[in-house]
Amino acid sequence: MDWDDLKVLLALARRGSARAAATELGVSTSTVTRRLDALERDLGSLLFDRTPDGYRMTAAAEALLPSAEQVEEELIAAERRITGGDRELRGSIRLTMPPAGSLGRLVSCLERFAATYPGIELQLLPAEDSLDLARREADMAIRVLPAGTTLPDYLIGRRVSALSLSTYVHRDLLDTASPEDVSHLVWIGKAPLGERQDWLAATPWPDLPVRHAIDDHDLLVAALRSRMGMAYLPCIAVADEPDIVRVPGAPVNYHGDVWVLTHRDLRMSARLRLLREAIAEAFDQIRSLLDTRESD
């Protein structure tokens, strides 16, 4: 049984469509369907029902899945052991991090790191994909975690900063006579309209109307710049926006902690250790922007 065929089985089981499985595997959709056809021929059994809503596992696939997952786990563990003991300052590092609107200042740090270590290739991956460090979908992750989070046993991490949020608006929307009065403004929402906007409870104006639905920091900042209303977002996201100001009277709230995470098996990797140190130094320089409570 070909391991590449089993990878197709796993990807289809997790993603539910040939296109999504192809994206995960970095191959074409036709390659996914061709390998699935080959695997089904070899086994003499149908593994997935092709439906208008996607691929649905048959009983045969469900029986095969645990064995495929075990093979995957063993191969990934072996790869981690090899990579974790790698002392060479060359190779690739897959780093998943929040969008540029929150931590874009880290890019200059990464540029300096890449210039210092030309043998290391950086792959920056979007945090929204919830990439799994245990499955080696990424080697390192920058994540914002709630206070008191206990890391799973397979992860090691370094807390690099607290993160604060507050309410911001374009200065032109404030009443010059009474800037603290925002009763004429609307919120730029995060969840789809009609759904709970739990973040409102952290603000002094939970009863003001909510319009729009923008769950992306870059787009929220653009909406503020366009005077669409006021928004609740990380303070660092508007650090370079002189026309976007904190609403007078709005509290600066502690939201969570920023962590740099890697798999425990990779703790001895020289290139990952150097990148962790570079990222920590970069956070030292921007900590006052990430956590603005002391300057409140």
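The chain is numbered in sequence order, starting from 1. Owing to the predicted nature of the structure, the values given are computational and were not obtained by experimental measurement.
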Peer 1: Mind checking the CH2-OG1 spacing from Trp199 to Thr167? Nearest 0.5 Å is all I need.
Peer 2: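 Output value for this atom pair is 7.5 Å.
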
Peer 1: Quick test of your reading of the model: are Asp284 and Arg158 salt-bridged, counting only N-O distances below 4.0 Å?
Peer 2: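 Salt bridge flag = no for Arg158 with Asp284.
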
Peer 1: Specify the closest pair of heavy atoms between Leu261 and Gly157, including all atoms of both residues, with the distance to one decimal.
Peer 2: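 Answer, listing the atom of Leu261 first, then Gly157: CD2-CA, 3.7 Å.
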
Peer 1: Side chains of Leu272 and Met140, heavy atoms from C-beta outward: is any pair under 4.5 Å?
Peer 2: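 A side-chain contact exists here, since the closest heavy-atom pair is under 4.5 Å.
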
Peer 1: Can you tell whether the side chains of Lys190 and Asp215 come within less than 4.0 Å, N to carboxylate O?
Peer 2: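 No.
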
Peer 1: Got more than 12 heavy atoms from elsewhere within 6.0 Å of CZ, Arg19?
Peer 2: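 Atom CZ in Arg19 is not crowded, with 12 or fewer foreign heavy atoms closer than 6.0 Å.
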
Peer 1: For Asp181 and Ser183, test the side chains for any donor-to-acceptor distance below 3.5 angstrom and give the result as yes or no.
Peer 2: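 Side-chain D/A pair, Asp181 to Ser183: present.
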
Peer 1: Does the side chain of Leu95 reach to within under 4.5 Å of the side chain of Leu124, using non-hydrogen atoms?
Peer 2: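 Result yes, sub-4.5 Å side-chain heavy-atom pair found.
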
Peer 1: Look up atom OG1 in Thr292 and atom CG in Asn253, then write down how far apart they are to the nearest 0.5 Å.
Peer 2: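 One gets 9.5 Å once the value is rounded to the nearest 0.5 Å.
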
Peer 1: Please tell me if the side chains of Ile142 and Phe283 come closer than 4.5 Å, counting only heavy atoms from C-beta onward.
Peer 2: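 SC-SC contact between Ile142 and Phe283 confirmed.
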
Peer 1: Can you tell me how far CG of Leu110 sits from CD1 of Ile279, rounded to the nearest 0.5 angstrom?
Peer 2: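 Going from CD1 on Ile279 over to CG on Leu110, the span is 6.0 Å.
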
Peer 1: Only one of Leu165, Ile244, Ile214, Leu224 passes side chain to side chain contact (heavy atoms under 4.5 Å, CB included) with Leu233; say which it is.
Peer 2: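 Looking at Leu165, Ile244, Ile214, Leu224, the match for Leu233 under the side chain to side chain contact (heavy atoms under 4.5 Å, CB included) is Leu224.
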
Peer 1: Would you check if the side chain of Asp139 reaches a backbone N or O of Arg94 as a donor-acceptor pair within less than 3.5 Å?
Peer 2: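 Side chain of Asp139 to backbone of Arg94: a pair is present.
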
Peer 1: Show the nearest heavy-atom pair for residues Leu9 and Ala61, with the distance to one decimal.
Peer 2: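 Of all heavy-atom pairs spanning Leu9 and Ala61, the closest is CD1-CB, 4.2 Å.
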
Peer 1: List in chain and number order the residues that pass side chain to side chain contact (heavy atoms under 4.5 Å, CB included) with Asp153, two or more places apart in sequence or in another chain; answer none if no residue qualifies.
Peer 2: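 By the side chain to side chain contact (heavy atoms under 4.5 Å, CB included) rule, Asp153 matches no residue at all.
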
Peer 1: Does the side chain of Leu6 come within less than 4.5 Å of Leu64's, by heavy atoms?
Peer 2: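 Yes, their side chains come closer than 4.5 Å.
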
Peer 1: What closest approach, in Å, do Arg50 and Phe48 show between heavy atoms, and which atom pair accounts for it?
Peer 2: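 Answer, listing the atom of Arg50 first, then Phe48: NH1-O, 2.7 Å.
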
Peer 1: Counting N and O atoms only, with roles assigned by atom type, does the side chain of Glu40 sit under 3.5 Å from a partner on the main chain of Leu47, one being a donor and the other an acceptor?
Peer 2: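 Present.
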
Peer 1: Do the side chains of Ile156 and Met97 join up, straight or via other hydrophobic residues, at under 4.5 Å, putting them in one cluster?
Peer 2: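 No, separate clusters.
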
Peer 1: Please name the pair of heavy atoms, one in Ala21 and one in Arg15, separated by the smallest distance, quoted to 0.1 Å.
Peer 2: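 Answer, listing the atom of Ala21 first, then Arg15: N-CB, 4.0 Å.
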
Peer 1: Are the side chain of Thr51 and the backbone of Asp53 linked by a donor-acceptor contact shorter than 3.5 Å?
Peer 2: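 Yes; at least one donor-acceptor contact below 3.5 Å.
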
Peer 1: Identify the two heavy atoms, one from Val221 and one from Ala237, that lie closest to each other, and give their separation to 0.1 Å.
Peer 2: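 Result for this residue pair: CG2-O, 3.6 Å.
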
Peer 1: Using salt bridge (Lys or Arg N to Asp or Glu O under 4.0 Å) as the criterion, list what pairs up with Arg171, not counting sequence neighbours.
Peer 2: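 So Arg171 forms a salt bridge (Lys or Arg N to Asp or Glu O under 4.0 Å) with Asp243.
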
Peer 1: Do Leu145 and Leu151 make a side-chain contact, defined as non-hydrogen atoms from C-beta onward lying under 4.5 Å apart?
Peer 2: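 Yes, at least one pair of side-chain atoms sits under 4.5 Å.
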
Peer 1: Is there a continuous path of hydrophobic side-chain contacts, each under 4.5 Å between heavy atoms, that joins Leu43 to Leu10?
Peer 2: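 Yes, same cluster.
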
Peer 1: Out of curiosity, Arg211 CZ to Met228 CE, how far, rounded to the nearest 0.5 Å?
Peer 2: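 Between atom CZ of Arg211 and atom CE of Met228 there are 7.5 Å.
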
Peer 1: Taking the side chain as C-beta and beyond, is there a heavy-atom pair between Leu220 and Tyr168 under 4.5 Å?
Peer 2: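 With C-beta onward as the side chain, the pair stays apart.
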
Peer 1: Is there side-chain contact between Val247 and Leu185, with at least one heavy-atom pair below 4.5 Å?
Peer 2: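 They are not in side-chain contact.
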
Peer 1: Enter the distance from Met57:CE to Leu12:CG here, rounded to the nearest 0.5 Å.
Peer 2: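 Going from CE on Met57 over to CG on Leu12, the span is 10.0 Å.
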
Peer 1: Do Leu208 and Val210 sit in one hydrophobic cluster, given that two such residues count as connected whenever their side-chain heavy atoms are within less than 4.5 Å of each other, even indirectly?
Peer 2: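 In one cluster with Leu208: Val210, yes.
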
Peer 1: Once the angle between the rings of Trp187 and Trp205 is folded into 0 to 90°, is it parallel (under 30°), tilted (30 to 60°) or perpendicular (over 60°)?
Peer 2: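 If you compare the ring of Trp187 with that of Trp205, the planes turn out tilted.
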
Peer 1: Ignoring hydrogens and angles, tell me if any N or O in the side chain of Arg271 forms a donor-acceptor pair with the backbone of Glu121 under 3.5 Å.
Peer 2: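 Looks like no, no N/O pair under 3.5 Å.
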
Peer 1: Taking the side chain as C-beta and beyond, is there a heavy-atom pair between Val182 and Leu174 under 4.5 Å?
Peer 2: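 Heavy-atom side-chain distance check passes, below 4.5 Å.
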
Peer 1: Membership question, hydrophobic clusters at under 4.5 Å side-chain separation (ILVMFWY): are Val32 and Leu46 in the same one?
Peer 2: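 In one cluster: no.
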
Peer 1: Give the cluster check for Leu274 versus Ile120: same hydrophobic cluster or not, with ILVMFWY residues linked at side-chain heavy-atom distances below 4.5 Å.
Peer 2: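 Yes, Leu274 connects to Ile120 through the hydrophobic network.
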
Peer 1: Restricting to non-hydrogen atoms, name the atom on Asp291 and the atom on Ser164 that form the minimum distance, rounded to 0.1 Å.
Peer 2: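 Heavy atoms only, the tightest pair is CA-OG, 3.5 Å.
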
Peer 1: Enter the distance from Tyr154:OH to His263:NE2 here, rounded to the nearest 0.5 Å.
Peer 2: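 It comes to 7.0 Å.
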
